[in-house]
Amino acid sequence: MLRVGIYGGTFSPVHAGHVAAAKAFMEQMWLDVLYVIPTGTTPHKQMDGEVTAAQRLRMCELAFADVEGVIVSDMEMRREGKSFTVDTLEALAGEDRRLFLLLGTDMMLTLGSWRNPARIFELCYPVYVRRESDKALDEQIVQKIAEYNQTYGKVVRRIVTDPIEVSSTEIRTAIRAGQGIEHLVPARVAAYIEENGLYQ
Ligand code: ATP
């Protein structure tokens with residue numbers, strides 16, 4: 001059985017938190033391969049008008065260039081209309097493999113309201129990673145996991161990593177304010193953003 005990970009997001013831009021989470025996911029779920037999939041038109045979020053899909057994809061390629069086993073895929077970008085996770089899972093599913101889906105806490109908590117959650121739970125093992133040290137979320141997380149287990153018969157697994165408190169929003173804000181972002185994104189991504197004048 002091939003162990004295949006899936007990590008989707010807007011990635012506008014991809015940052016150190018994403019890369020750290022992806023690496024921990026690969027190690028802790030013993031993945032053979034990890035698909036990093038930037039969204040096309042995202043159903044969860046308003047798109048950032050200034051940066052093209054191709055640029056978000058390119059930044060992911062740069063960020064993961066050195067991470068063995070990662071495939072950066074444009075499959076959601078090539079799809080017409082909104083990207084739904086369930087469609088991506090259907091496309092990647094196969095008899096020879098087991099799928100694992102990585103989610104940040106924020107995404108994990110809303111999973112039940114995505115398109116066709118029952119099918120999502122059938123197709124993959126959801127895995128979450130904490131993205132904040134906020135203790136206030138602990139109870140909510142435990143409750144949600146119990147709820148999903150009861151409804152869909154699967155336990156959402158957790159990977160453990162030191163939470164890196166960074167978001168793409170914070171990076172876009174820093175750039176607009178003229179602040180450096182070198183410590184928040186991989187060096188090649190910082191260079192690409194600078195060369196192309198993104199998020200100004
Ligand atoms: P934005 O600030 O624009 O909302 P973001 O930083 O949340 O962006 P996304 O591209 O929306 O980035 O995130 C993709 C996935 O990565 C989501 O599942 C999200 O929860 C997770 N994620 C984002 N930041 C981190 C982080 N610092 N550590 C772990 N997971 C993260």
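Whatever order the structure lists ligands and atoms in, that order sets their numbers, starting from 1.
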Would you mind telling me if ligand 1 is within reach of the side chain of T169, the backbone, both or neither, using heavy atoms under 4.0 Å?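 The answer is both.
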Just heavy atoms, cut-off under 4.0 Å: does H15 contact ligand 1 by side chain, backbone, both, or neither? side chain
May I ask you to establish whether R157 and Y128 are in a cation-pi arrangement, using a distance under 6.0 Å from NZ or CZ to the six-membered ring centre and at most 45° from the ring axis?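 No - R157 does not lie over the ring of Y128 by the 6.0 Å and 45° rule.
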Under 6.0 Å from the six-membered ring centre of F84 and within 45° of its axis: does the NZ or CZ of R115 meet both?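 Relative to the ring axis of F84, which defines the angle, R115 lies inside both limits.
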For Q140 and L137, indicate whether the former's side chain and the latter's backbone hold a donor-acceptor pair under 3.5 Å.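 Answer holds: no.
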Using only atom types and a distance under 3.5 Å, with no angle test, would you say the side chain of S168 pairs donor to acceptor with the backbone of V14?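 No, because the side chain of S168 does not come within donor-acceptor range (under 3.5 Å) of the backbone of V14.
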For [X], is the nearest heavy atom under 4.0 Å from an atom of ligand 1?
| X | value |
| --- | --- |
| G8 | yes |
| E170 | no |
| M108 | no |

Side-chain donor-acceptor pair present, Y199, S12, cut-off under 3.5 Å: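 Per modelled atom types, Y199 and S12 side chains form a pair under 3.5 Å.
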May I ask you to check whether T88 and R79 show a side-chain donor-acceptor distance below 3.5 Å?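 Distance-only check passes for T88 and R79.
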Give the atom numbers and elements of ligand 1 that come within less than 4.0 Å of a heavy atom of [X].
| X | answer |
| --- | --- |
| M107 | 17 (C), 18 (O), 20 (O) |
| S168 | 1 (P), 2 (O), 3 (O), 5 (P), 6 (O), 8 (O), 12 (O) |
| R172 | 3 (O) |
| D106 | 19 (C), 20 (O) |

Going by heavy-atom distance to atom 31 (C) of ligand 1, choose the closest among Y7, Y128, F25, F11.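 Considering heavy atoms of Y7, Y128, F25, F11, the nearest to atom 31 (C) of ligand 1 sits in Y7.
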Over 60° means perpendicular and under 30° means parallel, so tell me whether Y152 and F121 are parallel, tilted or perpendicular. parallel
